Amino acid sequence: MLTLRVHLDDMPDDDAPLLIAPAGPIAGGGGGGGGRATVARCGTIRCVAAAGDIWCYATAILHASAAAHGHRRRRVSQVDYAADALPAGLKWPGI
C-alpha cells in the first residue's frame, strides 16, 4: 500500500506533528503493544510540513502524535492506494 498526503495547512514542530518510528513495521512495531518496544529501540522522528507539501510513503508505518494544543488548523487530504485485495478477510469500510 501507498499513501499520498497533501498538507492544506502548516504542521509545525511546536504543535504536535506526526511522529513515526523509523523501521517500525520492519522491526515488528504493529499492534499488541510491540510499538512501545520499537519506539524505545528506534526512537521517533517528528514530521513537520508546510501548507502545500506532499508526502508519499508506505502506508504501514508505526505512527502517533499528541493532541494539537494550538488554535491553528492542520488539515490534510490523504488517499491510500492498494494494488491488491486486503489480506485475511479485511474489507474497506463503506465500500
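Below, all heavy atoms of this structure are taken into account, side chains as well, without hydrogens, waters or symmetry copies. No experiment lies behind these values; they were computed from the predicted model shown. The residues of the chain are indexed from 1 along the displayed sequence.
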Open item on the list: Please give me the minimum heavy-atom distance between H7 and A50, naming the atom from each residue.
Closed with: CB-O, 3.8 Å
Open item on the list: Hydrophobic cluster membership, with links at side-chain heavy-atom distances under 4.5 Å among I/L/V/M/F/W/Y: are Y57 and M11 in one?
Closed with: yes
Task: Shortest non-hydrogen contact between C47 and P17, atoms and distance - done: O-CB, 3.4 Å
Task: hydrophobic_cluster_shared for V79 and V76, side chain cutoff 4.5 Å - done: no
TODO: For R46, look at atom CZ and say whether over 12 heavy atoms of other residues, nucleotides or ligands are found less than 6.0 Å away.
DONE: yes
TODO: Could you check if a side-chain atom of W55 sits within less than 4.5 angstrom of a side-chain atom of L18, using non-hydrogen atoms only?
DONE: yes
- [ ] Hey, could you give me each pair passing salt bridge (charged side-chain N to carboxylate O under 4.0 Å, His left out) that has a residue in residues 52-66? Not counting sequence neighbours.
- [x] none
- [ ] Rounded to the nearest 0.5 Å, what's the gap from SG on C56 to CZ on R5? Could you check?
- [x] 12.5 Å
Open item on the list: The criterion is salt bridge (charged side-chain N to carboxylate O under 4.0 Å, His left out); which residues satisfy it with D80, sequence neighbours excluded?
Closed with: none
Task: D9 side chain to A51 backbone, donor-acceptor under 3.5 Å - done: no
